Amino acid sequence: MTIRVLLADDQALLRGTFSMLFDATDDMETVAEASNGREAVELAAAKRPDVVLMDIRMPEMDGIEATRLISECEDLAGVRVLILTTFEDDEHVAEALRAGASGFLGKGARPEELLDAVRTVADGGALLSPSATRALITQFLAQPDSCPAAVHERLECLTPRERDVTTLAALGLTNDEIAHRLFVSPLTTKTHINRAMTKLAVRDRAQLVVIAYQCGLVSPAPKPNHSHGRA
(Lines give C-alpha, C1' and ligand atoms only; values in the text may rest on other atoms or scores of the structure.)
Protein backbone atom coordinates (compact mmCIF):
# COMPACT_ATOMS: atom_id res chain seq x y z
CA MET A 1 0.00 0.00 0.00
CA THR A 2 1.30 3.44 -0.90
CA ILE A 3 1.64 5.90 2.00
CA ARG A 4 0.21 9.28 0.98
CA VAL A 5 2.15 12.21 2.47
CA LEU A 6 1.24 15.89 2.84
CA LEU A 7 4.22 18.23 3.32
CA ALA A 8 3.76 21.33 5.49
CA ASP A 9 6.78 23.65 5.67
CA ASP A 10 7.25 27.31 4.81
CA GLN A 11 10.50 26.62 2.95
CA ALA A 12 9.75 25.72 -0.67
CA LEU A 13 13.22 24.25 -1.26
CA LEU A 14 12.84 21.92 1.71
CA ARG A 15 9.38 20.83 0.56
CA GLY A 16 10.78 20.11 -2.89
CA THR A 17 13.60 18.01 -1.45
CA PHE A 18 11.24 15.97 0.70
CA SER A 19 8.82 15.56 -2.18
CA MET A 20 11.53 14.11 -4.41
CA LEU A 21 12.59 11.77 -1.61
CA PHE A 22 9.08 10.42 -1.06
CA ASP A 23 8.22 10.16 -4.75
CA ALA A 24 11.42 8.20 -5.37
CA THR A 25 10.40 5.68 -2.68
CA ASP A 26 8.32 2.70 -3.81
CA ASP A 27 5.78 2.79 -0.99
CA MET A 28 5.25 6.57 -0.69
CA GLU A 29 3.94 9.53 -2.67
CA THR A 30 3.54 13.26 -2.04
CA VAL A 31 -0.11 14.27 -2.44
CA ALA A 32 0.14 18.00 -1.61
CA GLU A 33 2.35 20.74 -0.19
CA ALA A 34 1.40 23.47 2.30
CA SER A 35 3.41 26.59 3.09
CA ASN A 36 1.66 27.35 6.39
CA GLY A 37 -0.46 25.68 9.05
CA ARG A 38 -3.77 26.93 7.70
CA GLU A 39 -3.05 25.44 4.29
CA ALA A 40 -2.00 22.20 5.98
CA VAL A 41 -5.39 21.88 7.69
CA GLU A 42 -7.29 22.69 4.49
CA LEU A 43 -5.25 20.28 2.38
CA ALA A 44 -5.51 17.54 4.99
CA ALA A 45 -9.30 17.81 4.71
CA ALA A 46 -9.20 17.87 0.91
CA LYS A 47 -6.58 15.17 0.28
CA ARG A 48 -6.96 12.89 3.34
CA PRO A 49 -3.26 11.91 3.46
CA ASP A 50 -2.02 9.06 5.62
CA VAL A 51 0.72 11.24 7.16
CA VAL A 52 1.24 14.99 7.43
CA LEU A 53 4.91 15.92 7.75
CA MET A 54 4.53 19.10 9.79
CA ASP A 55 6.98 21.88 10.62
CA ILE A 56 6.35 23.78 13.86
CA ARG A 57 7.22 27.37 12.97
CA MET A 58 5.17 28.55 9.99
CA PRO A 59 3.34 31.80 9.14
CA GLU A 60 -0.42 32.37 9.67
CA MET A 61 -0.77 29.25 11.83
CA ASP A 62 1.99 27.24 13.47
CA GLY A 63 2.36 23.49 13.13
CA ILE A 64 1.19 22.71 16.66
CA GLU A 65 -2.13 24.51 16.22
CA ALA A 66 -2.56 22.89 12.79
CA THR A 67 -1.86 19.49 14.38
CA ARG A 68 -4.48 20.18 17.04
CA LEU A 69 -7.14 21.08 14.47
CA ILE A 70 -6.41 18.00 12.38
CA SER A 71 -6.42 15.71 15.43
CA GLU A 72 -9.71 17.12 16.74
CA CYS A 73 -11.53 16.66 13.42
CA GLU A 74 -13.48 13.40 13.40
CA ASP A 75 -13.44 13.30 9.60
CA LEU A 76 -9.63 13.23 9.71
CA ALA A 77 -9.34 10.41 12.25
CA GLY A 78 -7.13 8.42 9.89
CA VAL A 79 -4.62 11.24 9.34
CA ARG A 80 -1.41 11.02 11.37
CA VAL A 81 0.94 13.95 12.03
CA LEU A 82 4.72 13.61 12.15
CA ILE A 83 6.41 16.74 13.48
CA LEU A 84 9.72 17.50 11.78
CA THR A 85 11.51 20.53 13.19
CA THR A 86 14.76 22.10 14.28
CA PHE A 87 13.14 23.10 17.59
CA GLU A 88 13.58 19.78 19.35
CA ASP A 89 13.26 20.95 22.94
CA ASP A 90 11.25 19.70 25.89
CA GLU A 91 8.34 22.11 25.63
CA HIS A 92 7.82 21.68 21.89
CA VAL A 93 7.81 17.89 22.24
CA ALA A 94 5.18 18.05 24.97
CA GLU A 95 3.02 20.57 23.08
CA ALA A 96 3.18 18.48 19.90
CA LEU A 97 2.12 15.32 21.74
CA ARG A 98 -0.68 17.10 23.56
CA ALA A 99 -1.89 18.48 20.24
CA GLY A 100 -2.16 14.95 18.85
CA ALA A 101 1.12 14.38 17.01
CA SER A 102 2.07 10.74 16.47
CA GLY A 103 5.76 11.36 16.04
CA PHE A 104 8.52 13.91 16.53
CA LEU A 105 11.77 13.96 14.57
CA GLY A 106 14.58 16.50 14.24
CA LYS A 107 15.47 17.97 10.85
CA GLY A 108 18.96 16.57 11.28
CA ALA A 109 17.60 13.04 10.76
CA ARG A 110 19.04 11.00 7.88
CA PRO A 111 16.75 10.31 4.86
CA GLU A 112 16.35 6.65 5.79
CA GLU A 113 15.38 7.66 9.36
CA LEU A 114 12.71 10.00 7.99
CA LEU A 115 11.30 7.30 5.69
CA ASP A 116 11.20 4.81 8.56
CA ALA A 117 9.51 7.44 10.74
CA VAL A 118 6.77 8.01 8.15
CA ARG A 119 6.19 4.26 7.89
CA THR A 120 6.04 3.90 11.68
CA VAL A 121 3.51 6.71 12.08
CA ALA A 122 1.42 5.55 9.11
CA ASP A 123 1.20 2.12 10.73
CA GLY A 124 -0.21 3.61 13.93
CA GLY A 125 3.02 3.57 15.91
CA ALA A 126 4.55 6.32 18.01
CA LEU A 127 7.92 7.76 17.18
CA LEU A 128 10.16 10.01 19.22
CA SER A 129 13.70 10.84 18.26
CA PRO A 130 16.56 10.00 20.65
CA SER A 131 16.91 13.57 21.93
CA ALA A 132 13.18 13.66 22.79
CA THR A 133 13.78 11.48 25.83
CA ARG A 134 10.98 10.03 27.93
CA ALA A 135 12.17 11.70 31.12
CA LEU A 136 11.93 15.14 29.56
CA ILE A 137 8.58 14.47 27.90
CA THR A 138 6.94 13.13 31.02
CA GLN A 139 8.05 16.15 33.01
CA PHE A 140 5.51 18.14 30.98
CA LEU A 141 2.87 15.47 30.41
CA ALA A 142 2.49 14.11 33.94
CA GLN A 143 0.71 16.97 35.65
CA PRO A 144 -1.50 16.38 38.72
CA ASP A 145 -5.17 15.90 37.82
CA SER A 146 -4.41 16.47 34.15
CA CYS A 147 -6.40 13.39 33.11
CA PRO A 148 -10.15 14.00 32.58
CA ALA A 149 -12.55 12.02 34.78
CA ALA A 150 -14.09 10.38 31.69
CA VAL A 151 -10.69 8.99 30.70
CA HIS A 152 -10.15 7.66 34.23
CA GLU A 153 -13.46 5.83 33.92
CA ARG A 154 -12.45 4.32 30.58
CA LEU A 155 -9.12 3.30 32.11
CA GLU A 156 -11.04 1.18 34.61
CA CYS A 157 -12.53 -0.75 31.68
CA LEU A 158 -9.14 -2.09 30.63
CA THR A 159 -8.41 -5.73 31.38
CA PRO A 160 -5.30 -6.47 33.49
CA ARG A 161 -3.43 -7.55 30.35
CA GLU A 162 -4.49 -4.41 28.46
CA ARG A 163 -3.20 -2.32 31.36
CA ASP A 164 0.06 -4.29 31.27
CA VAL A 165 0.67 -3.67 27.56
CA THR A 166 -0.33 0.00 27.90
CA THR A 167 2.15 0.44 30.73
CA LEU A 168 4.97 -1.25 28.82
CA ALA A 169 4.18 0.73 25.67
CA ALA A 170 4.40 3.92 27.72
CA LEU A 171 7.82 2.83 28.93
CA GLY A 172 8.97 2.78 25.32
CA LEU A 173 8.92 -0.96 24.61
CA THR A 174 8.12 -2.20 21.10
CA ASN A 175 5.50 -4.88 20.44
CA ASP A 176 8.22 -7.49 20.15
CA GLU A 177 9.76 -6.42 23.46
CA ILE A 178 6.37 -6.40 25.18
CA ALA A 179 5.61 -9.85 23.78
CA HIS A 180 8.92 -11.17 25.10
CA ARG A 181 8.31 -9.62 28.53
CA LEU A 182 4.77 -11.05 28.83
CA PHE A 183 5.47 -14.40 27.12
CA VAL A 184 2.90 -13.83 24.38
CA SER A 185 3.12 -13.36 20.61
CA PRO A 186 3.67 -9.92 19.00
CA LEU A 187 0.26 -10.32 17.29
CA THR A 188 -1.41 -10.85 20.68
CA THR A 189 0.40 -7.78 21.99
CA LYS A 190 -0.81 -5.69 19.06
CA THR A 191 -4.37 -6.93 19.62
CA HIS A 192 -4.29 -5.90 23.30
CA ILE A 193 -2.88 -2.47 22.41
CA ASN A 194 -5.52 -1.92 19.73
CA ARG A 195 -8.27 -2.86 22.19
CA ALA A 196 -6.83 -0.50 24.79
CA MET A 197 -6.74 2.33 22.24
CA THR A 198 -10.37 1.62 21.28
CA LYS A 199 -11.55 1.62 24.91
CA LEU A 200 -9.65 4.83 25.68
CA ALA A 201 -10.82 6.46 22.42
CA VAL A 202 -7.33 7.48 21.33
CA ARG A 203 -6.08 7.83 17.77
CA ASP A 204 -2.80 5.98 18.04
CA ARG A 205 0.00 4.65 20.21
CA ALA A 206 1.45 8.10 20.93
CA GLN A 207 -1.81 9.27 22.49
CA LEU A 208 -2.04 6.01 24.44
CA VAL A 209 1.35 6.85 25.95
CA VAL A 210 0.22 10.39 26.80
CA ILE A 211 -2.84 9.09 28.67
CA ALA A 212 -0.78 6.48 30.52
CA TYR A 213 1.36 9.25 32.01
CA GLN A 214 -1.40 11.80 32.53
CA CYS A 215 -3.55 9.31 34.44
CA GLY A 216 -0.71 8.02 36.55
CA LEU A 217 -0.67 4.52 35.06
CA VAL A 218 3.04 5.15 34.56
CA SER A 219 5.19 7.42 36.72
CA PRO A 220 7.56 9.84 35.01
CA ALA A 221 11.21 9.01 35.19
CA PRO A 222 13.27 11.45 37.27
CA LYS A 223 15.11 14.04 35.24
CA PRO A 224 18.87 13.33 35.27
CA ASN A 225 20.72 15.56 37.72
CA HIS A 226 23.44 16.84 35.41
CA SER A 227 25.20 20.10 36.05
CA HIS A 228 25.94 20.66 32.36
CA GLY A 229 23.39 21.45 29.67
CA ARG A 230 22.29 19.17 26.86
CA ALA A 231 24.22 19.16 23.62
Side-chain angles (χ1 to χ4, degrees), residues 1-88 92-93 95-129 132 190 194 197-198 201-210:
M1 185 181 68
T2 300
I3 300 172
R4 304 171 71 252
V5 182
L6 165 62
L7 302 174
D9 196 293
D10 60 345
Q11 298 182 44
L13 181 60
L14 199 57
R15 293 198 310 271
T17 300
F18 288 146
S19 180
M20 287 189 292
L21 174 64
F22 293 134
D23 293 342
T25 304
D26 291 340
D27 60 342
M28 297 182 194
E29 67 172 337
T30 305
V31 296
E33 297 181 19
S35 60
N36 59 63
R38 194 173 305 281
E39 285 183 3
V41 175
E42 294 171 354
L43 287 170
K47 299 294 185 178
R48 305 296 175 92
D50 298 303
V51 176
V52 180
L53 189 62
M54 185 85 74
D55 188 22
I56 286 184
R57 290 198 174 180
M58 292 186 290
E60 293 192 36
M61 179 186 293
D62 65 31
I64 291 177
E65 179 61 22
T67 297
R68 182 175 293 107
L69 292 176
I70 291 172
S71 299
E72 290 176 350
C73 180
E74 293 184 3
D75 291 338
L76 300 180
V79 179
R80 304 285 182 257
V81 177
L82 172 60
I83 299 288
L84 185 70
T85 181
T86 54
F87 302 98
E88 201 171 4
H92 282 106
V93 172
E95 287 179 357
L97 290 175
R98 286 193 184 112
S102 298
F104 195 99
L105 198 64
K107 284 187 175 178
R110 299 188 304 273
E112 59 269 24
E113 291 178 321
L114 174 58
L115 295 176
D116 285 343
V118 171
R119 293 185 183 103
T120 297
V121 169
D123 192 42
L127 183 137
L128 298 167
S129 58
K190 185 174 183 179
N194 287 341
M197 289 193 296
T198 298
V202 297
R203 293 164 55 91
D204 54 30
R205 195 183 185 102
Q207 299 310 301
L208 186 69
V209 171
V210 170

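Everything numeric here is computed off the predicted structure, so don't read it as measured data.
Formation of a donor-acceptor pair under 3.5 Å by the Ser71 side chain with backbone atoms of Thr67 is found in this model. At least one donor-acceptor pair closer than 3.5 Å links the side chain of Asp23 to the backbone N or O of Thr30. With hydrogens and angles ignored, the 3.5 Å screen pairs no side-chain donor or acceptor of Asp62 with any backbone N or O of Arg57. No donor-acceptor pair under 3.5 Å is formed between the side chain of Glu29 and the backbone N or O of Ala24. Between the side chain of Arg80 and the main chain of Thr120, no donor-acceptor pair closer than 3.5 Å is present. Checked by atom type and distance alone, the side chain of Arg15 pairs as donor or acceptor with a backbone atom of Asp9 at under 3.5 Å.
Atoms OG1 and CZ, on Thr17 and Phe22 in that order, are 11.0 Å from each other to the nearest 0.5 Å. Annotation: the span from Thr25 atom OG1 to Leu115 atom CG amounts to 4.5 Å, rounded to 0.5 Å. Taking CG of Leu208 as the reference point, atom OG1 of Thr198 lies at 10.5 Å (rounded to 0.5 Å). Rounding to the nearest 0.5 Å gives a distance of 7.5 Å between CG of Leu84 and CG of Leu14. A distance of 10.5 Å separates CG of Leu7 from CG of Leu43, quoted to the nearest 0.5 Å. Interatomic distance, Asp55 CG to Ile64 CD1, rounded to the nearest 0.5 Å: 10.5 Å.
In this structure, Gln207 and Leu97 approach most closely via the heavy-atom pair NE2-O, 3.2 Å. Of all heavy-atom pairs spanning Ala101 and Ile83, the tightest one is CB-CG1, 3.7 Å. Nearest heavy atom pair, residue Ala8 against residue Val52, reads CB-CG1, 4.5 Å. Pairing each heavy atom of Ala66 with each of Gly37, the nearest pair is CB-O, 3.6 Å. What you find for Met28 and Thr2 is that their closest heavy atoms are C-CG2, 3.8 Å. Taking both residues in full, the closest heavy atoms of Leu6 and Pro49 are given as CB-CG, 3.7 Å, listed atom of the first, atom of the second, then distance.
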Worksheet item: Going through the checks in order, is the side-chain contact (heavy atoms from CB on, under 4.5 Å) test met by Ile70 and Met54?
Response: CA-CA 11 Å; Ile70 291 172; Met54 185 85 74; 3.9 Å; yes
Worksheet entry | Audit row: Leu76, Val41, side-chain contact (heavy atoms from CB on, under 4.5 Å) steps and yes/no | CA-CA 10 Å; Leu76 300 180; Val41 175; 5.6 Å; no
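The shortest distance between side-chain heavy atoms of Val31 and Arg48 does not fall below 4.5 Å.
Using a 4.0 Å cut-off between charged nitrogen and carboxylate oxygen, Arg68 and Glu65 count as a salt-bridge pair.
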